[in-house]
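Every value quoted in this text rests on a predicted model; they were computed, and no experiment measured them. Below, each value reflects all heavy atoms present in this structure, side chains not excepted, and no hydrogens, waters or symmetry copies. Chain letters run A, B, ... following the sequence lines, proteins first, then strands; residues in each count from 1.
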There are 2 protein chains.
Amino acid sequence: MSPAAEFATIDAVRDFNRFYTNFLGVLNKAYLDSPYTLTDARVLFEVGFRGGVAASALTRELHLDPAYLSRIVKRFREDGLIETTPDPTDARSQVIKVTEKGQVQFEEFVRRSRAQIAGYFEKLAIGEPERVVAAMQTIKDTLGMDRTTASPAIIRNHRAGDIGWIVQSQARFYTEEFGWDDRFEGLAAEVAGKFLSNFNPQKDRCWIAERSGVNVGSAIIADGGDGVAKLRLLYVDKAARGLGLGKLLVDECIRFSRDAGYSSLSLWTNDILDTARAIYVKAGFRLTAEEKHRMFGPELNGQTWVLDL
Amino acid sequence: MSPAAEFATIDAVRDFNRFYTNFLGVLNKAYLDSPYTLTDARVLFEVGFRGGVAASALTRELHLDPAYLSRIVKRFREDGLIETTPDPTDARSQVIKVTEKGQVQFEEFVRRSRAQIAGYFEKLAIGEPERVVAAMQTIKDTLGMDRTTASPAIIRNHRAGDIGWIVQSQARFYTEEFGWDDRFEGLAAEVAGKFLSNFNPQKDRCWIAERSGVNVGSAIIADGGDGVAKLRLLYVDKAARGLGLGKLLVDECIRFSRDAGYSSLSLWTNDILDTARAIYVKAGFRLTAEEKHRMFGPELNGQTWVLDL
DNA sequence: GTCATTTGTTGGACTCAGTCAAGTAAATTG
DNA sequence: CAATTTACTTGACTGAGTCCAACAAATGAC
């Protein structure tokens with residue numbers, strides 16, 4: 001970073017810190033009408049979340065004074081929220097766990113905290129919460145020291161709005177990356193719309209890859225007739241590349257197609273999409289047809305791949 | 001947001017809050033080896049940044065107790081960091097300003113704070129600081145928006161991904177609000193897809209209402225044949241209701257349809273959508289047909305409205 | 001086996017941040 | 001003009017959190 005840019009960047013961070021200090025201050029009022037303080041809640045949360053922590057780990061994790069923590073632990077033990085047992089591997093240390101009563105209190109904290117945030121998010125436009133979460137993820141992943149603990153992705157079936165999301169994200173990506181025009185989005189929307197309109201749970205399926213509530217990938221299996229399943233709209237967002245999500249989605253598609261009784265699985269793609277092609281090849285697909293076209297503006301090499309099930 | 005998606009999103013926010021509380025805790029140690037506290041710094045910063053503030057403004061801005069602030073101001077005055085002069089327009093109030101000495105201390109605070117953050121940023125890869133700052137901007141703009149003084153909405157033509165956004169936002173809204181099923185999203189996607197596939201700039205148009213980079217509304221005019229324009233997919237997001245965007249979009253539709261040489265403008269809607277209907281009535285549309293249907297699950301009253309141009 | 005280190009616990013003094021109540025003086029409202 | 005509200009000030013107080021010192025017991029390093 002150049003020094004000039006540095007000041008602007010740093011002051012932007014300082015500005016954000018002032019803003020977020022305020023924001024957190026408002027949120028933390030949630031604990032006001034309980035007999036516990038914010039620090040109490042943080043300790044109980046940490047103990048409840050992991051299960052069986054040493055006091056020394058807590059002081060490091062939460063940046064608390066050992067003396068202070070010791071007193072909090074003592075109070076919690078007297079209140080019956082946690083119990084401590086000596087650590088068998090290190091007799092100096094002790095293992096701290098929540099009791100059932102502690103678990104109840106812990107869940108109460110979680111409930112309150114969630115309600116607070118939900119109150120804020122209610123006022124937001126569709127898609128805004130996801131943008132915020134994605135931004136938070138970016139900050140945490142970048143500033144957080146240990147890079148290994150990025151939150152994992154899950155794969156689930158589609159819900160309301162997901163089809164629209166698929167169209168939107170693919171259209172943006174192919175337009176920005178390859179300069180495809182409107183017609184691609186039109187085709188994607190039509191394909192996706194027909195998929196939903198003719199949806200048959202036995203023969204059709206849509207998978208969404210999601211990470212901390214944000215959609216990051218998709219794949220669709222639709223009935224192509226004559227025992228052929230069509231794999232469509234495979235996509236993994238830039239933010240989630242390199243995690244093997246593409247392969248996971250394709251595997252899911254193959255398994256489902258087999259179980260649904262299809263005899264083969266077919267897909268249409270364009271040869272510029274290298275990573276996707278690599279996944280198809282690895283999964284055993286073979287190229288059955290190829291033709292140049294200009295369906296979306298630039299000249300492209302359309303390819304049909306087939307896998308016998 | 002659906003409740004299921006909500007938990008993942010909210011817990012991601014809670015996770016970030018825990019992380020950032022820690023991060024801020026570390027940063028705020030910057031004031032430790034100065035004779036001033038974090039609150040002192042906040043006060044001096046606010047006074048230094050604006051110049052000539054009333055005490056009451058400070059209490060509001062920094063969420064401080066008047067008594068508490070009064071003492072801080074007193075101490076600062078004794079230390080020669082600030083000076084207070086009576087407000088000529090209101091003798092109860094006083095104007096607080098930094099002295100030269102105060103300015104020096106203020107700059108020292110800024111320097112320290114910057115050094116702290118710079119220390120963190122030194123370890124980052126090229127481009128990462130910018131990503132972090134952009135993410136912070138997103139969070140601040142989304143959460144911190146004082147929605148009353150919010151940046152105004154603009155209306156523009158569609159871009160890549162907007163059609164997908166329309167499908168997504170409408171599907172989510174009608175599913176959550178009225179319990180409509182998948183078939184609505186399917187129909188919306190097909191309609192929107194056909195619109196793009198057959199797009200004719202002379203006869204078709206799509207408007208997007210946007211506020212600080214976020215889509216908040218939409219409307220489409222498509223050629224219905226026989227000189228009839230079809231108004232479709234009118235939508236204003238929850239976050240932007242009450243700003244008259246719906247009317248603005250409909251007006252835009254009417255003007256375009258007239259200019260494009262259509263003889264009438266027709267639209268299909270459902271009677272439960274009260275605010276939309278009010279807009280149509282006001283614009284001069286008249287109800288020409290009505291029929292009960294169950295296209296999207298619950299029983300609905302479909303209505304066709306027409307405006308002669 | 002000794003010595004330094006780590007993991008806790010306890011006591012006491014202290015500061016910071018904030019609350020509460022009461023009071024003064026000016027401004028605003030009816 | 002009286003009553004209420006607003007802008008501060010002061011005193012008395014509290015509870016959260018920090019700092020320091022001392023201590024016990026176990027562990028690790030050499």
Subject >> B:Q94 and B:T84 side chains, donor-acceptor separation under 3.5 Å >> reply: yes

Original post:
Where the side chain of A:S70 is defined as all heavy atoms beyond and including C-beta, which of C:dT10, D:dG11, C:dT7 is the nearest nucleotide?
Top reply: C:dT10

**OP:** Starting from C1' on C:dT7, measure out to CG on A:D87 and report it in whole angstrom.
**Re:** 11 Å

Subject >> Euclidean distance, atom CG of residue B:D90 to atom C1' of C:dT24 [Å, nearest integer] >> reply: 14 Å

Original post:
Is any N or O donor-acceptor pair between the side chain of B:R71 and the base of D:dG11 shorter than 3.5 Å?
Top reply: yes

Original post:
Can you tell me how far C1' of D:dA16 sits from CG of A:L62, to the nearest Å?
Top reply: 16 Å

Original post:
Within this structure, what is the CG-to-P distance between B:D65 and D:dC13, rounded to whole angstrom?
Top reply: 17 Å

**OP:** Please determine, for the side chain of B:L38, which listed nucleotide (D:dT9, D:dA26, C:dA17) has the closest atom?
**Re:** C:dA17

Original post:
Is the phosphate of D:dG17, meaning OP1 or OP2, less than 4.0 Å from a side-chain N or O of A:T39?
Top reply: yes

Original post:
Would you call B:E107 and B:R111 a salt bridge, using N to O less than 4.0 angstrom?
Top reply: no

Original post:
Under 4.0 Å between a side-chain N or O of B:S93 and OP1 or OP2 of D:dC8?
Top reply: yes

**OP:** Might you point out which heavy atoms bring B:L143 and A:F121 nearest each other, and give the distance in Å?
**Re:** CD2-CE1, 3.8 Å

Original post:
Picking from D:dC8, D:dA26, C:dA17, which would you name as closest to the side chain of B:A55?
Top reply: D:dC8

Subject >> Check: D:dT27 base within 3.5 Å donor-acceptor of A:R92 side chain >> reply: no

Subject >> Between C:dC16 (P) and B:R42 (CZ): distance, integer Å >> reply: 16 Å

Original post:
In whole Å, what is the span from the CG atom of A:L64 to the P atom of D:dT18?
Top reply: 7 Å

Subject >> Rounded distance in Å - CD1 (A:I72) to C1' (C:dT9) >> reply: 14 Å

**OP:** Considering just the side-chain nitrogens and oxygens of A:Y68, establish if one lies under 4.0 Å of OP1 or OP2 belonging to D:dT18.
**Re:** no

**OP:** Indicate, with a heavy-atom threshold strictly under 4.0 Å, whether B:L69 touches base, sugar-phosphate, or nothing.
**Re:** nothing

Original post:
Taking OP1 and OP2 of D:dC8, is either one under 4.0 Å from a side-chain nitrogen or oxygen of B:S56?
Top reply: yes

Subject >> Nearest non-hydrogen partners of B:K101 and B:G80, listed with the distance >> reply: CB-O, 3.7 Å

Original post:
Side-chain N or O of B:T37 less than 4.0 angstrom from OP1 or OP2 on C:dT15?
Top reply: no

**OP:** Answer yes or no on whether B:R18 is positioned over the face of A:F109, meaning its NZ or CZ is under 6.0 Å from the six-membered ring centre and within 45° of the axis.
**Re:** no

**OP:** Using whole Å, report how far CG of B:L58 lies from P of D:dT9.
**Re:** 11 Å

